[in-house]
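Numbers restart at 1 for each chain; the letters A, B, ... are given by sequence-line order, proteins then strands.
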Amino acid sequence: MRFSQLLLPTLKETPAEAEVVSHQLMLRAGFIRKLTSGIYTYLPLGLASIRKVERIVREEMNRAGAQELLMPMVQPADLWQESGRWEKYGPELLRFEDRHGRMSCLGPTHEEVITDLVRKTVHSYRQLPVNLYQIQTKFRDEIRPRFGLMRGREFIMKDGYSFDADEKGAEITYKKMYDAYHRIFERCGLKFRSVEADTGAIGGSFSHEFMVLAETGEDTLVMCKECAYAANMEKASCMKPEVSHDKPELLPLEKVETPGKRKVKAVTEFLDIKPQELVKTMVYMADDTKPVAVLVRGDREVQPVKLKNLIGAIEVELADDKQVFDSAGVPSGYLGPVGIKIPVVADREVTEMCNFAIGANEKNYHFVNANFGRDFEVDQVADLRMVTEGDRCPECGGSLLLTKGIEVGHIFKLGTSYSEALQATFLDNNGVEKTFVMGCFGIGVSRTVAAAIEQGHDKDGIIFPAPIAPFHVALLNLSTKDEKVTAAVEDLYEKLQKKGVEVLMDDRDERPGVKFKDADLIGVPYRVVVGKSYAKEGLVEIRSRIDGETVSATSDEAVAMVLEKVRAALEV
RNA sequence: CGGGACGUGGCUCAGUCUGGUAGAGCACAGCGUUCGGGACGCUGGGGUCGGAGGUUCGAAUCCUCUCGUCCCGACCA
C-alpha cells in the first residue's frame, strides 16, 4: 500500500476524550474514529489489524472442528420471550419496534438464534456434535461505554456455540475449545493467562476466561507463584486456614459498651485488639428482598459472587443502613450473629477463630471472647472472602499473586438451560428424546486489538506483535525527489510484495522526521529506510520496532533479510 | 442510575470569575526556503462559542432548561 493513497489520519496530539493508552494510540495512529459514545468506525489500518485477529480465530476454530456461519443481528422478541431473557436481560438489550409493531432487538449474543436453528435442523445423535461460530458485530447498550474499543457498545465478537449429545461430549468439546483459545492468543503474540471463572449456578470448573496481562486491565486475576493455578478474583479461593492444635482456652463471652464505635477500625482501637481478632457482620440483600448476614474476619472483604452462588441468588448487594435496621432491628455497626433475626452465613475462616469480638445486636455494645459453636451457630459455612495477595494457593500452598488483566475470551459450558427453554431436542441411539448439552465460546475481536496495544506500546506509539500488525514492513522513501532512491524503493516494494510481505510504502513528499514518527506510531514491526546512505553507498537500513536493532544492507540483501525476519516473527 | 468534570474552527487549548461583539499553536490551501527524528517565513480559507429560552443597550462570558462527551461505581467479549 502506498501511504500517499491511504486514509491514515495520524494525530500529533492526544484527543482529550481518550484516557487509556490503547484508545489514545488508536485515535492517534488513525485506527479508529468515534461516531458516538461507544460506537466507532474502523479506519483502514484498524480494520487491517482486526482482520488479522479474525483470520487467526477462523483458522483455529476451523481446525478445532467448528464451522462458521453468520446469524442476523436483528432478532425477534418472541425468541427471547421463549428463553425468558426478554424480561431478564435488562436495558443492555436494545429493543425496538418495526413498522408492523413487532418487537425486536439488536443481538448482544446469539444463544436463542443458534438454539432455534439447531432445534430446526439437527434431529439425530448421528449429527452430533455440532460446533458453530460466527464473527460479527454485536450491540450491547452498555451502561457506561469507555476506553475506546475496550468497552464499546458496538464491537466485533467471535461467538461460538456447541451442541453435544451428553455431558461427556460437551466436556470434550470444551477441552477442544480451551486448547483452540490457547493457540489463538498465542498466535496473536499476546502474553495471556487462562483463569478459572465464576460459573454461577452450573458449578464445576467449566468456565475459563482468557486474560491478556496488562497493567491497565479492568479485571484482577489471581495466580500462584509456584504452580499453574490461576483464577478470576470472583472465583479465586485459597487454602483453608491452618487449624492450630493448641487452641487457647475459651474465655467467657462478655458484653462491653462500645459507644459510637461502628467501624472495624474504631471498634478494634477502642477494644485495643487487632482487626484479625474481630468478626464483622455484613448484611447483603439477595435479589433486593432477602437479607443475609455474612461473617468475615475484620480485615477481610466479602466476595459477593461467592455469596451469590452459595445462597443461590441472582443478585446480591450490600445493604444500606436503612435496610440493615429494617431487617435486623439493629443499627449497622453493632450487628452480630448472637440472636440475630436474619439468616447468617460465615466465611470458613471464622470457624477457626477463638475469643473474637463481634457486634452484640444492641446499639453501642459489642461482645468480646465470642466463639463459634459455643455462642452462636450459622446457617452455612463456606469460602466467602476475597483472596488477597500472599494468601496460600488452594492447589499447592504456594504464595498467591494478584495481577491485572483484560478479558479477551470466555468459554463456558452452558449445559441444557437454553436447549430446555427452547425445547431443542434430538433422538439418541435408543430413540429417546434428549436435550442438547450446550457450550458457548466468545472472543472479543476488537478488544483483542486494543489489549495488544495496552500490552505493546512505548512513548513513540504502538508496538504490535507481527501477526496482528496492520503491515509487516514500513518502507520509507526519505528522498522522494531523488530518482535513484525512488527507483530503489519501488523495486523493494515490488519484490517484497511478491514474496507476500505486507508493505506500507511511505512515498509522501514529507520530511524524514514525519515519516519516522508515523512509522513508529502505527506500530509496524519492521522499518526499511532508503535515503541518503543509499544515494551515497547503496545501503538501506532495516530496523526492528520492538528492540530498535538496526542493520544496513544493500537493497538486494535487504529483501532476503526482511523476508527472513518477517517469517520468523510470524511463526509463534 | 448515583457521584464528578467538561463542551470555543479538524485537533490541543486560552478567553468565562470581573459582559463590550472571538484568539494562539497544530492541521488545511498557495508561494518561497528547508530536507535522516513531527522545519521555517509570508499569504489565505475555515468558528450558529453544543442547543433553546431568559436577563441586558450589549452575552462565549450571567440565569434557567436541555443535549452531548469523558471519568469513578454495579455489568461484560
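By the 5.5 Å and 30° criteria, A:Phe516 is not stacked with the base of B:G38.
OP1 or OP2 of B:G36 has at least one side-chain nitrogen or oxygen of A:Lys532 nearer than 4.0 Å.
Side-chain atoms of A:Arg28 and base atoms of B:G38 include a donor and an acceptor less than 3.5 Å apart.
For the residue pair A:Arg85 and A:Tyr418, a side-chain donor N or O sits within less than 3.5 Å of a side-chain acceptor on the partner. Side chains of A:Asp159 and A:Tyr161: a donor on one and an acceptor on the other come within 3.5 Å.
Between A:Asp518 and A:Glu209, the one whose closest nucleotide on RNA chain B sits nearer the 5' end is A:Asp518.
Across residues 33-65 of chain A, A:Lys34, A:Thr36, A:Ser37 each have a non-hydrogen atom less than 4.0 Å from an atom of RNA chain B (numbered order). For residues 132-148 of chain A, proximity to RNA chain B is found at A:Arg140, A:Glu142, A:Ile143, A:Arg144, A:Pro145, A:Arg146, A:Phe147, defined as any non-hydrogen atom under 4.0 angstrom from a strand atom. Residues from residues 523-531 of chain A with heavy atoms under 4.0 angstrom of RNA chain B, sorted by number: A:Arg527, A:Val529, A:Gly531.
Distance A:Lys515 NZ to B:A39 P: 13 Å, rounded to the nearest Å.
Base pairing annotation: B:G20 forms a Watson-Crick or G-U wobble pair with B:C57, both donor-acceptor distances under 3.5 Å. With both pairing distances under 3.5 Å, B:G2 is matched to B:C72 as a Watson-Crick or G-U wobble pair.
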